[in-house]
Protein chains: 2
Amino acid sequence: MKNLLSSIKISVPEKIFLKDPESSDLGKRIIEHSILLIDEIGFDNFTFKKLGTKIGSNESSIYRYFESKHKLLLYLTSWYWAWIEYQLVFSTSNIPNPEERLLKAIEIVTQTIKEDYDFSHVNEVKLNQIIINEYSKSYLTKEVDSENKEGYFEVYKRLITRLRDMILNINPEYKFASSISSTIVEGALHQHFLKDHFKSITDCSEKVTPTKFFQDLTINAIKPK
Amino acid sequence: MKNLLSSIKISVPEKIFLKDPESSDLGKRIIEHSILLIDEIGFDNFTFKKLGTKIGSNESSIYRYFESKHKLLLYLTSWYWAWIEYQLVFSTSNIPNPEERLLKAIEIVTQTIKEDYDFSHVNEVKLNQIIINEYSKSYLTKEVDSENKEGYFEVYKRLITRLRDMILNINPEYKFASSISSTIVEGALHQHFLKDHFKSITDCSEKVTPTKFFQDLTINAIKPK
DNA sequence: CAAAGGTGATAGTATTACTATTAAATTCGC
DNA sequence: GCGAATTTAATAGTAATACTATCACCTTTG
């Protein structure tokens, strides 16, 4: 898996960046260190000036790649979901049993990333933490609708659509296939957050994973009555 | 209901404010118009200066009530959840059947507020919209843990605990009572957001409510096998 | 070898999220 | 009803943010 992943290129909607960060050394350093810095100080406290200092480069140079820190967040989140989508497609394609396939898919979208896949300059463990802590901020804005039209959330929506199709494949009569899919993906991030900060309102922990919870929930919900 | 609600006082953790906004005319205007303004321009674009202009008062006067706009958001969200909790307790107390009671509780926490209850100076319809669009921002910060210790999220956690207890009352063996409760509350906000901005990944609409989805989901999940 | 593109350095702007100080208005205790 | 205390308003000021603009240098490429 590791080797295969290192050789493919994750593709992110082009309009998100001004200049493709994959196209230069500076661009890759921006991605690499923005992940480390956002994980460290949080997106709210993150600035291009601080990032410039970290990578020994200039604020103005970073603006040549991303027109704002918000666009950089959109880039990182799109990259993450594209990476998850790749894993999902790859690891479910050879499972013939629809229920088994769905369980695997739920595992992929709800698990904590524990291992750094060393996908070039991206630290996936820390990126996963950023998604848990900051993903909502990428769409909870007054500009969602226009940014959605620009296609900035395509990857995320496509991932949820794939999950939905696997559910409908098991039970085409289930009325809430889209809603349960979006609930699984968003809800898993939330449960991960709760187990780190609000333990009293989750059953999830190191032993009981969000994966188990959502697998159980989904199987019971979609079974024909 | 309306009359009853107008006569009780919703109580918010004291440490959230510097001076109780309920204690003065200016305080009430701050609450009233902050709801209108945040709903209008979004929390990110909201400033005390703009609010001051709206209410014909001064920025510095608002700082006497709240030490930051973040604290004001915590106040509004605590107020909202306390109000929901009150409705929950009130409207389930006389339902003897545990399953019926749970279904009612899910209805309360997942419904859209469509009617302005005219609870003094609070516009509940717009406050509900603010919760949908901004609630996550109140806890997705680097300061969650210390603010949690201060008790700023008590009301929210208590509400989820109440839901959990109703579920355990039906099936004490169900392993994920806390997780499903937090998923219902958070997930309902998310589904409301999706139906307004990302229609393709939800089944919810004007006709199919998040309430129906979560009632169906929960009943199937918690039934003893 | 010259032109083009990429990067770095510096400066500047409007706005934000506050703090501090003082003055004016209002309310309260007696 | 008056003086004291509290509340509010007005002004000014600060450090940081989220950029934009300009220019110089350095490298790559045709």
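Residue numbering restarts at 1 for every chain, and letters A, B, ... go by the order of the sequence lines. Note that this is a predicted model, so its numbers are computed, not measured. The figures here come from the full heavy-atom set of this structure, side chains too, leaving out hydrogens, waters and symmetry mates.
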Peer 1: Applying side-chain contact (heavy atoms from CB on, under 4.5 Å), can you list everything that pairs with A:T218, at least two apart in sequence or on another chain?
Peer 2: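 Scan of A:T218 (side-chain contact (heavy atoms from CB on, under 4.5 Å), adjacent residues dropped) gives A:L102, A:I106, A:I167, A:I180, A:I184, A:I222.
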Peer 1: Salt bridge check, B:E85 against B:R162: does any charged N sit closer than 4.0 Å to a carboxylate O?
Peer 2: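 Judged by the 4.0 Å cut-off on N to carboxylate O distance, B:R162 and B:E85 do form a salt bridge.
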Peer 1: Anything under 30° is parallel, anything over 60° is perpendicular, the rest tilted; go ahead and classify B:F153 against B:Y139.
Peer 2: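 Perpendicular, since the angle between the ring planes exceeds 60°.
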Peer 1: Could you run through nucleotides 25-30 of chain D and give me one letter per nucleotide, 5' to 3': B if any protein heavy atom sits under 4.0 Å from the base, S if only the sugar-phosphate is that close, - if neither?
Peer 2: ------
Peer 1: List, with names and distances, any nitrogen or oxygen atoms from the protein found under 3.5 Å away from nitrogen or oxygen atoms belonging to nucleotides 4-9 of chain D.
Peer 2:
unit_1	atom_1	unit_2	atom_2	d
D:dT8	OP1	B:Y65	OH	3.0
D:dT8	OP2	B:K19	NZ	3.3
D:dT8	OP2	B:Y65	OH	2.8
D:dA9	OP2	B:S57	OG	2.3
D:dA9	OP2	B:S61	OG	3.1
D:dA9	N6	B:R64	NH2	3.4

Peer 1: If I take atom CD1 in residue A:I62 and atom C1' in nucleotide C:dG6, what distance separates them, rounded to the nearest angstrom?
Peer 2: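 Taking CD1 of A:I62 and C1' of C:dG6, I get 14 Å after rounding.
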Peer 1: Check for me whether B:K69 meets the cation-pi criterion with B:F43, that is, NZ or CZ under 6.0 Å from the six-membered ring centre and within 45 degrees of the ring axis.
Peer 2: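 Positive - B:K69 is close enough to the ring of B:F43 and near enough to its axis.
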Peer 1: Check the phosphate of C:dT15 against B:K50, side-chain N and O only, distance under 4.0 Å to OP1 or OP2. Yes or no?
Peer 2: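 No, because none of the side-chain N or O atoms of B:K50 sits under 4.0 Å from OP1 or OP2 of C:dT15.
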Peer 1: What is the ring orientation for A:F48 with A:F46, classed by angle as parallel under 30°, tilted 30 to 60°, or perpendicular over 60°?
Peer 2: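 Because their plane-to-plane angle is over 60°, the rings of A:F48 and A:F46 count as perpendicular.
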Peer 1: Determine: side-chain N/O of A:K49 to OP1/OP2 of D:dT17, distance under 4.0 Å, yes or no.
Peer 2: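 A:K49 to D:dT17 OP1/OP2: no side-chain N or O under 4.0 Å.
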Peer 1: What about A:E59: does its side chain form a donor-acceptor pair under 3.5 Å with the base of D:dC19?
Peer 2: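 Indeed, a donor on one side and an acceptor on the other fall under 3.5 Å apart.
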Peer 1: Just N and O in the side chain of B:K69: are any of them under 4.0 Å from OP1 or OP2 of C:dT16?
Peer 2: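 For B:K69, the contact criterion (side-chain N or O under 4.0 Å from OP1 or OP2 of C:dT16) is not met.
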Peer 1: Describe, in one word, how the ring planes of B:Y135 and B:W81 are oriented to each other, choosing from parallel (under 30°), tilted (30 to 60°) and perpendicular (over 60°).
Peer 2: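 Perpendicular, since the angle between the ring planes exceeds 60°.
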Peer 1: Using a strict threshold of under 4.0 Å (side-chain N to carboxylate O), is an ion pair present between B:E40 and B:K54?
Peer 2: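 Salt bridge flag = yes for B:E40 with B:K54.
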